[in-house]
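The structure appears below as structure tokens.
Proteins come first, then strands; the chains are lettered A, B, ... in the order of their sequence lines, and each starts at number 1.
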Amino acid sequence: MSSESVSNAENESARPSHFIRDIVIQDIQNGKNGGRVHTRFPPEPNGYLHIGHAKSICLNFGLAQEFGGKCNLRFDDTNPSKEETEYVDSIIEDVRWLGFDWDDRMFYASDYFDQLYAWAIQLIKAGKAYVCDLNAEQVREYRGTPQEPGKESPYRNRSVEENLDLFERMRAGEFPDGSRTLRTKIDMASPNFNMRDPVMYRILRAEHHRTGNKWCIYPMYDYAHGESDSIEGITHSICTLEFEDHRLLYDWYVENLGIHAPQQIEFDRLNLTNTVLSKRKLLALVREKYVSGWDDPRMPTICGFRRRGYTPEAIRTFCANIGVSKTNGLIEFGLLEHYLREDLNKRALRVMAVLNPLKVVIDNYPDDLVEHMNAVNNPEDESAGSRTVPFSKVLYIEKDDFREDPPKQYFRLSPGREVRLRYGYLVTCTGVVKNDAGEVVEVHCTYDPATRGGNAPDGRKVKSTMHWVSAAHALDCEVRLYDTLFLEGKDTDDLASAFNPNSLQKKAAKIEPSVKDAAPLTKYQFERVGYFCADKEPGVFNRTVALRDTWAKVEKKTTS
RNA sequence: UGGGAGAUCGUUCAACGGUAGGACAGCAGACUCUGACUCUGCUUAUCGGGGUUCGAAUCCCUGUCUCCCAGCCA
């Protein structure tokens, strides 16, 4: 891992330690593996990467980086019936976007098929593997149950010669799919199912995305994974908790093959509230068109977050701070949003946009005058500079920013009250116009010409500063507001009933002209509203995350 | 009921026989040309029961609960 794109400062900033890091430190101190640290991120190319993978990516690449080691990107492509190059491409793009680099170390388990085959023959010759003629259903029956040991396959004690011959003919394509397997001869009575003569190779005629039709037999995960790790000289093979039971087999293979033995270490996979991180469910959301695609901004995929406006820095900081343990936990989505806002606050350009426009007429402002008010682009970053925003007699403000009958603690615009229009003027509400339904459709104000830019020369204070756009100059745009993918408390096994139909809300909004032709992925803070990001569709802005809204809380509390 | 693993504030991570701490969330203030940001203060936890020890979240025993495993998926 030689990535310079992840700054050392970020790396060193009080990153908490965890048990895997402690193991690595101890191994280095003990001179294990010659003090080398070599990890790998091993995705199966059968889906898009999601935030759970990001945790693993940050862990593996991060550890390598911290201890001067290396981290490989390796595709675990041993099941051609599910894997596609589309997924390979997206995974490469997403890991890069997250800020990591693998130099020339991009591998595929399929790179090792020849070696794996040779080692399988070695195990057959050692009497530790045999060809089994049982079909899938029979294998299951013979496997036994948690309480009862399994039964040995009737083909278990074939001669080495017969096994060699049969295995060679399996590879040559003489037998139909599923008719035979190569099995490891271990222990049908083991309390650990993985040791009850696990299948090493199955016959499977499917075009492989890399090896094409060269093979009709494919190695199983347990056999291929550890051996791939070994070939690459991996020192710490980090995986998730569900593989704990597999460690025994992992160790069995490297030991019986007499090859370099990486250490498998398991950690807890990431779970986030209000979403799903299961490939199967994410695939279903895409296939059944609940979302527009893998990069739908509601998806917890890396590309979904990217399109939504998340930054790699925010995701990395999140991953560095959630910790690594063996507890099956559920992290609050709000924590991710916290690190997101923290990052966006530093980098997003401030801009004014009105999502629910209410017309405001400044009665004493000259009809044809247009003033270009100076506005700061980012108060958190002086180098972001400033821009100018057109001000005129007819404006739009947010409907929520006016109340004809203001509740207690409401200090935005209402009849008789003076507020500041940000970077504009202090204005006082003098009256309203209503429609037949009695709704306020227009607010009338007067302005104080002495307060140009928003400052009162007499030093008088107003309680509220509000955003606005000039009606004649504002651009029309579409704003997409996102809510959680799923309804609170629903079982996501039933997508149809759990899916939140209001997870996407489209709105026609008014926005200041400075954002014209914003490049996709440009990040903004719509002041007082939230962080938004220009979508790949022109004229569309995705709400990345709302700003914290204390008033909404107060109001909710007082009305309920 | 077989095997593997795990239980600490609402959530999450730490404390590695010596004052249970941080982050997020929550609450109360301060500040503010964003009710944002920032700052200050506060509330809240060792799964139960026994033991060992001057001293236990930590060690021992015992119980309880949760997660994973019977794919020719990874």
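- Figure legend: A/R180 and A/F175 shown as a cation-pi pair, the cationic atom lying under 6.0 angstrom from the six-membered ring centre and within 45 degrees of its axis.
- As rounded to the nearest Å, B/C37 and B/C73 have C1' atoms that lie 48 Å from one another.
- At least one side-chain nitrogen or oxygen of A/K553 sits closer than 4.0 Å to the OP1 or OP2 atom of B/C27.
- Between A/P80 and A/E207 the shortest side-chain heavy-atom distance does not fall below 4.5 Å.
- A/I20 places its CD1 atom 13 Å from the P atom of B/C13, with the value rounded to the nearest Å.
- Here the C1' atom of nucleotide B/C31 and the CZ atom of A/F411 are 13 Å apart, to the nearest Å.
- The residue A/N455 sits close to a base: some heavy atom pair falls under 4.0 Å.
- Using a cut-off of 4.0 Å between Lys/Arg side-chain N and Asp/Glu carboxylate O, A/K510 and A/E398 are scored as not salt-bridged.
- For B/A36, neither phosphate oxygen OP1 nor OP2 lies less than 4.0 angstrom from any side-chain nitrogen or oxygen of A/R341.
- The partner of B/A28, taking Watson-Crick or G-U wobble pairs whose two distances both stay under 3.5 Å, is B/U40.
- The CG atom of A/D177 sits 19 Å away from the P atom of B/G71 (whole-angstrom rounding).
- Annotated as anti: B/G10, whose glycosidic dihedral deviates from 0 by more than 90°.
- A/Q138 places a side-chain N or O within donor-acceptor distance of the main-chain N or O of A/N135, the cut-off being under 3.5 Å.
- Phosphate contact (OP1/OP2 of B/A74, side-chain N/O of A/T78, threshold under 4.0 Å): present.
- Residue A/T550 places at least one side-chain N or O closer than 4.0 Å to OP1 or OP2 of B/A36.
- Closest approach to the A/N345 side chain among B/C72, B/C37, B/A5 is made by B/C37 (side chain taken as heavy atoms from C-beta onward).
- For B/U34, the base has a donor-acceptor partner in the side chain of A/Q525 [N/O atoms by modelled type, under 3.5 angstrom].
- With a 6.0 Å cutoff to the six-membered ring centre and a 45° limit on the axis angle, A/R74 does not count as a cation-pi contact of A/F107.
- Using a 4.0 Å heavy-atom distance criterion, A/M220 is classed as a sugar-phosphate-only contact.
- As judged by a 4.0 angstrom heavy-atom cut-off over every strand, A/E244 is placed among residues touching the sugar-phosphate backbone only.
- Listed candidates were B/A14, B/C68, B/A25. Nearest to the side chain of A/S325 is B/A14.
- Partner of A/C445 under the side-chain contact (heavy atoms from CB on, under 4.5 Å) criterion, out of A/I397, A/V419, A/L413, A/T428: A/L413 alone.
- Aromatic pair A/F113/A/Y218: ring centres closer than 6.0 Å.
- Taking only side-chain atoms of A/R350, from C-beta outward, the nucleotide of B/U34, B/G35, B/C72 with the closest atom is B/U34.
- In the interface, the side chain of A/R140 is not paired with the base of B/G71 through any donor and acceptor atom under 3.5 Å apart.
- Per the geometry, CG belonging to A/D76 stands 11 Å off C1' belonging to B/C73, to the nearest Å.
- Using a 4.0 Å cut-off on heavy atoms, the residues of residues 189-204 of chain A that approach RNA chain B are A/P191, A/F193, A/V199, A/R202, listed by number.
- When heavy atoms are screened at a 4.0 angstrom cut-off, A/R548 is found touching the sugar-phosphate backbone but no base atom.
- Close to B/C67, at under 4.0 Å from its OP1 or OP2, lies no side-chain N or O of A/R269.
- Judged by the 6.0 Å and 45° rule, A/R412 forms no cation-pi pair with A/F402.
- Not a single donor-acceptor pair, N or O on each side, falls under 3.5 Å between the base of B/G6 and the side chain of A/N328.
- A/T181 comes within 4.0 angstrom of a base, heavy atoms only.
- Across the protein-nucleic acid pair, A/K461 atom NZ and B/A30 atom P stand 15 Å apart, rounded to whole Å.
- Here A/Y221 does not count as stacked on B/A74, because the ring centres are not under 5.5 angstrom apart with planes under 30°.
- In this entry the distance linking CG of A/D22 with C1' of B/C13 reads 13 Å, nearest Å.
- B/G63 and B/C47 make up a base pair, with Watson-Crick or G-U wobble contacts both under 3.5 Å.
- Across the protein-nucleic acid pair, A/I331 atom CD1 and B/A23 atom P stand 16 Å apart, rounded to whole Å.
- OP1 or OP2 of B/A28 lies within a sub-4.0 Å distance of a side-chain N or O belonging to A/K557.
- Using a 4.0 Å heavy-atom distance criterion, A/E266 is classed as making no nucleic acid contact.
- As a whole-Å value, the separation of A/F19 CZ from B/A5 C1' is 11 Å.
- Comparing B/A25, B/C73, B/A14 by their closest approach to the side chain of A/N79 singles out B/C73.
- Of the candidates B/U34, B/A25, B/A74, B/U34 carries the atom nearest the A/L547 side chain, counting heavy atoms from C-beta on.
- Using cut-offs of 30° and 60° for the angle between ring planes, the A/Y250 and A/H225 rings count as tilted.
- Side-chain proximity of A/K326 to the nucleotides B/C13, B/A70, B/A5 is greatest for B/A5.
- Residue-level contact check: A/Y410 touches the bases, meaning some heavy atom is under 4.0 Å from a base atom.
- The side chain of A/K82 lies closest to B/C73 when the candidates are B/U12, B/G26, B/C73.
- The ring of A/F391 has its center no closer than 6.0 angstrom to the ring center of A/Y423.
- Residue-to-nucleotide contacts include no donor-acceptor pair under 3.5 Å from the side chain of A/H467 to the base of B/A36.
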